[in-house]
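The structure appears right after this line, and notes come after that.
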Amino acid sequence: MVAEPLSPRFGEFGGRYIPETLVAAHEELEVVYAEARADPEFHRELEDLYAHYVGRPTPLYFAERLTRECGGARIWLKREDLAHTGAHKINNALGQALLAKRLGKPRIIAETGAGQHGVATATVCAMLDLECHVYMGSEDIRRQSLNAFRMKMLGATLVPVESGSKTLKDAINEAMRDWVTNVRTTHYIIGSAIGPHPFPTIVRDFQSVIGREARAQMLQQAGRLPDAAIACVGGGSNAIGIFHPYIEDPVRLIGVEAAGEGVRSGRHSATLVAGRPGVLHGTKTYLLQDEAGQIMETHSISAGLDYPGVGPEHSWLKTSERAEYVAVDDAQALEGFKALTSSEGIIPALEPSHAIYHAMQVARTMRPDQDLLIGLSGRGDKDMHTVAAALGVTL
Amino acid sequence: MSTRLRERFQQGKAEGRSLFVAYVTAGYPTRADTVPILLEMEAGGADVIELGVPFTDPLADGATIQHANQVAILQHVTLLDCFGFIREARAQGLTVPVLFMGYYNPILAIGEGRAAAEGAASGIDGFIVVDLPPDEAGSFLVECRARDLSFVPLVAPTTSDARIPLLAKAADAFLYIVSVTGTTGATSVAVDELPALLARVRAQTDLPLGVGFGISRREHVVAVGKVAEAAIVGSAIISAIDAAGAESPARRVREYVEHVTGR
C-alpha cells in the first residue's frame, strides 16, 4: 500500500509548532492517516457508518419561502442539522475515532466549545467502546448545559476548564496538557480544522463529505453549480468542508465570522477579518492577538464561534483571495435565526445563523436565476436558552 | 553559541559537578520582584537562569506555572519588558547565563530578528521555545546564531532515536531533557526511566544534558546531578515564592536555591 505524503502547509500557514513530547504522536498519526486515506477498506467502513449511523447523505433543501422573502438568488441549505447528534461535527469525530482504533489507542480526549463536537465524540466513543474525556470551558458549560448533560449521559467524563476565558481556547490548552501527559495511550480528536499538522488536513478531509454531497446534489436538483457558497467560520471545519470541493470551480466562497458586539467593540471573534498571523495551538494562522503576541479574549453569542484562531487553510484561502471573509454580529445572527425559523420551520444553531444572515444580504444582490448555497451546520435546540435570554424571555 | 553558557558547562565539568538551573516567570509575583529574584538566584548558587516569558496560553505548563503566567499577563509583562529586566539585572551585577523560556508567538509578534537582536543587546544567552521544535525553527536558528545566542531544543521520553540527531544538530550549548511525559510541575521525576532516556541521547551526541520537569526537592537535584550535566527547577521555585508570605520573594528564592544546591 503506497500512501501519498500529506503536505504540512497551506501556503505559508499550517505547520507543526508543538512541544517535543507530542512530535512522535503526530508523526504516527500522519503515517496511519496516510495509510487509511489510501485504504479502500477504511473508506468502506466510514461510508457504511455515514449512511447507517449518521444518516448521510444529508438533504439539500431549497428554501423557497426564504428565497421569496429575500427576492434574489435561490437559496439552498445543506442540512447538516439533520445528521446524527444534530451537527456536522460527527463527520470528523467518527472518522478520527476509526483512526484511533487503527492507532491502537483506547483513550480519547476532545475539547468542545458549543458542545456539539463533545457530544459527537462522546457518541462515537459509546458506539465504538472507547474511553472518552471531554474538556469544556466552565463558561461554555453554563451556556450549553444541555450538551454538557448529553455528554455525561453518553458515558463521557466532562472536565470543566477554569483557566483563562473559560471557553474553547482554554479547553484546547487543557486537552493539549492531557495529551502531553497521556500521549502513549490517548488520541486527541480535535474538533475543528485547526491545530498542528496533520489535523487541519484530516478534519478537512472528513468534513469534505459535506461539500462533495452538496456539489452532486446541487448538480442534480438545480442542474448547475451554486454561484456562491456561504458558511460560518469559528475554527472553520464546516466551512472548509463545504468550500474544499468547490475550490477549482467558479464558485464564490464566503466565510462568515462572529462580530460579537461589533468588530470595533473589541468583543468579537472575527479572526480573519480583524486578526493577523501568528502561532497558536500548533499552527501558523490568523489570530486575534495584541501587539506583544498575547492572545486576546473573544466574544460571540455562539459558543462554537468563540475562538481567537482559525484553521490555517482558511488563512491561506484569505491571503490567496480564493475566499472572502466577513463578520456578522450577535444581533444580526439572531435576525438570521428568526428568519429561517419563521420562514422555513427550521431552527438553526446560532453558529450557522451568522451565515444565514449574511446569505440573505448577498441573495438580495443576486439575480433570481442564480443559486446560493448555505452550510446549515447544526440545529438550534442547544441554543434555545441563549436565544430566549437575548429576546428577554424567561423559560 | 553563547560563550557564557559554554564556559559555564566547561566550568561544571572541570569542577566535577552538575549545574543548577533556576527558572522564574518574569513579572511574578510582581514586576518589581523579578530583578531582585534573579540576583538572589545567582547569590544562592544558581549556575544558569531561565527567565520565563509570559504567554496567555502556556499549553505545556502545569497549574503552578500557568498561574504565574496569568499573574504576569495581568500586569502586561511583554517580551520587550523581559529584555529590560535582564538589562537592569546585568547593570546590577548579574553574571550567570540567562536563557529565555517561553512560547513562539511573542517572538513572532515582534519579529525573530528583533527578538534575537534585542536579546543579545540586553545580555541574554539564548532561547528555549517550548512550541518551536527544530523542524520549524530554521529562520529563528539563523537569527540566534548570527547573534551568538544559543537555541536549546527539548528531548522528550517519546522522542524517537531517529529524531535525536536532528535535535542535537539544532543545539549548541546543551540539550534540555524533559524527564517525564507531562507538563511542568509534574509530581516527581521518572527516576526509573531517566537513565535509559539519557543513554539513548548520549549514544548519539556528546552535548551536555540538562534535565527538567518534575524536579523539586534536594534529593531530586542530587540524583539528577549524578547522571546529567544540569538539573533544572521551575515550578518548585514558583511554589517557594507563593510560600513567601510576608517575607520577600527574592529572599525566599535564595533560601530555596541554597537548600537544593547545598551551597
Side-chain angles (χ1 to χ4, degrees), chain A residues 8-9 12 14-28 111 135 161-165 169-186 195-197 276-285 287-298 308-309, chain B residues 53-63 66-67 69-70 72-74 76-82 102-111 115 129-137 153-160 162-164 166-167 175-178 180-186 213:
Chain A
R9 294 208 175 247
E12 65 177 292
R16 188 184 281 162
Y17 301 84
I18 52 175
E20 178 62 28
T21 303
L22 294 177
V23 169
H26 285 79
E27 288 176 348
E28 181 188 25
E111 86 295 339
Y135 289 87
V161 176
E162 301 289 349
S163 59
S165 53
K169 161 182 91 95
D170 311 284
I172 294 172
N173 291 340
E174 216 46 49
M176 286 277 186
R177 291 181 187 118
D178 180 314
W179 206 21
V180 164
T181 308
N182 301 298
V183 60
R184 288 186 168 111
T185 59
T186 301
H197 175 66
R276 61 193 168 88
V279 167
L280 178 68
H281 294 148
T283 193
K284 185 177 280 184
T285 190
L287 302 176
L288 292 173
Q289 57 179 322
D290 68 13
E291 288 297 305
Q294 305 297 354
I295 308 305
M296 285 157 60
E297 297 214 345
T298 54
Chain B
V53 179
F55 184 49
T56 38
D57 296 82
L59 53 76
D61 284 299
Q66 275 176 57
H67 174 68
N69 273 269
Q70 278 176 353
I73 292 290
L74 285 174
H76 305 287
V77 175
T78 66
L79 177 56
L80 294 177
D81 292 334
C82 293
Y103 294 79
Y104 186 40
N105 202 51
I107 292 172
L108 206 52
I110 67 163
V129 191
V130 180
D131 58 350
L132 190 66
D135 324 53
E136 301 284 6
L154 295 97
V155 181
T158 50
T159 300
S160 65
R163 241 181 104 70
I164 291 172
L166 171 83
L167 302 174
L175 280 168
Y176 189 130
I177 308 294
V178 177
V180 291
T181 49
T183 54
T184 56
F213 285 45

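Letters A, B, ... are given to chains in the order of the sequence lines, protein chains preceding strands, and every chain is numbered from 1. Just so you know, these numbers come straight off a predicted model, no measurement behind them.
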Donor-acceptor contact present, side-chain [X] to main-chain [Y], <3.5 Å:
X         : Y         : answer
Thr158(B) : Thr21(A)  : yes
Asn173(A) : Leu59(B)  : no
Thr56(B)  : Ile295(A) : yes
Asp131(B) : Tyr17(A)  : no
Gln294(A) : Pro54(B)  : yes

field: Closest heavy-atom pair and its distance - Glu20(A), Val155(B)
entry: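 Heavy atoms of Glu20(A) and Val155(B) come nearest at CG-CA, 4.0 Å.
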- request: Hey, could you give me the CD/CZ distance between Gln66(B) and Arg177(A), rounded to the nearest 0.5 Å?
  value: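 Here the interatomic distance stands at 3.0 Å.
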Counting only non-hydrogen atoms closer than 4.5 Å, does [X] touch chain A with its backbone (N, CA, C, O), its side chain (CB onward), both, or neither?
X         : answer
Leu154(B) : both
Phe55(B)  : both
Val77(B)  : backbone
Pro153(B) : neither
Ile73(B)  : side chain
Ile107(B) : neither
Asp81(B)  : neither

Toward chain B, the part of [X] with a non-hydrogen atom under 4.5 Å:
X         : answer
Leu280(A) : side chain
Glu27(A)  : side chain
Arg184(A) : side chain

field: For chain A, the option from Thr78(B), Thr159(B), Val178(B) that forms the most heavy-atom pairs under 4.5 Å
entry: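 Heavy-atom pair counts peak at Thr159(B).
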- prompt: Who among Gly282(A), Gly278(A), Gly15(A), Pro19(A) has the most heavy-atom pairs with chain B under 4.5 Å?
  reply: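 Highest number of heavy-atom pairs under 4.5 Å: Pro19(A).
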- prompt: Between Glu136(B) and Lys284(A), is a salt bridge (charged side-chain N to carboxylate O under 4.0 Å, His left out) present by the stated rule, with each step listed?
  reply: CA-CA 11 Å; Glu136(B) 301 284 6; Lys284(A) 185 177 280 184; over 6 Å; no
- prompt: With side chains defined as the heavy atoms from C-beta onward, is the minimum distance between Pro106(B) and Gln289(A) less than 4.5 Å?
  reply: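 Pro106(B) does not reach Gln289(A) side chain to side chain.
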- request: Evaluate whether atom CD of Glu291(A) has more than 12 neighbouring non-hydrogen atoms of other residues, nucleotides or ligands under 6.0 angstrom away.
  value: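 No, because the 6.0 Å sphere around CD of Glu291(A) holds 12 heavy atoms or fewer from other groups.
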- request: Report the C-alpha separation of Asp135(B) and Arg16(A) in whole Å, then their side-chain angles, then the decisive distance to 0.1 Å, and conclude whether the salt bridge (charged side-chain N to carboxylate O under 4.0 Å, His left out) test is met.
  value: CA-CA 8 Å; Asp135(B) 324 53; Arg16(A) 188 184 281 162; 5.9 Å; no
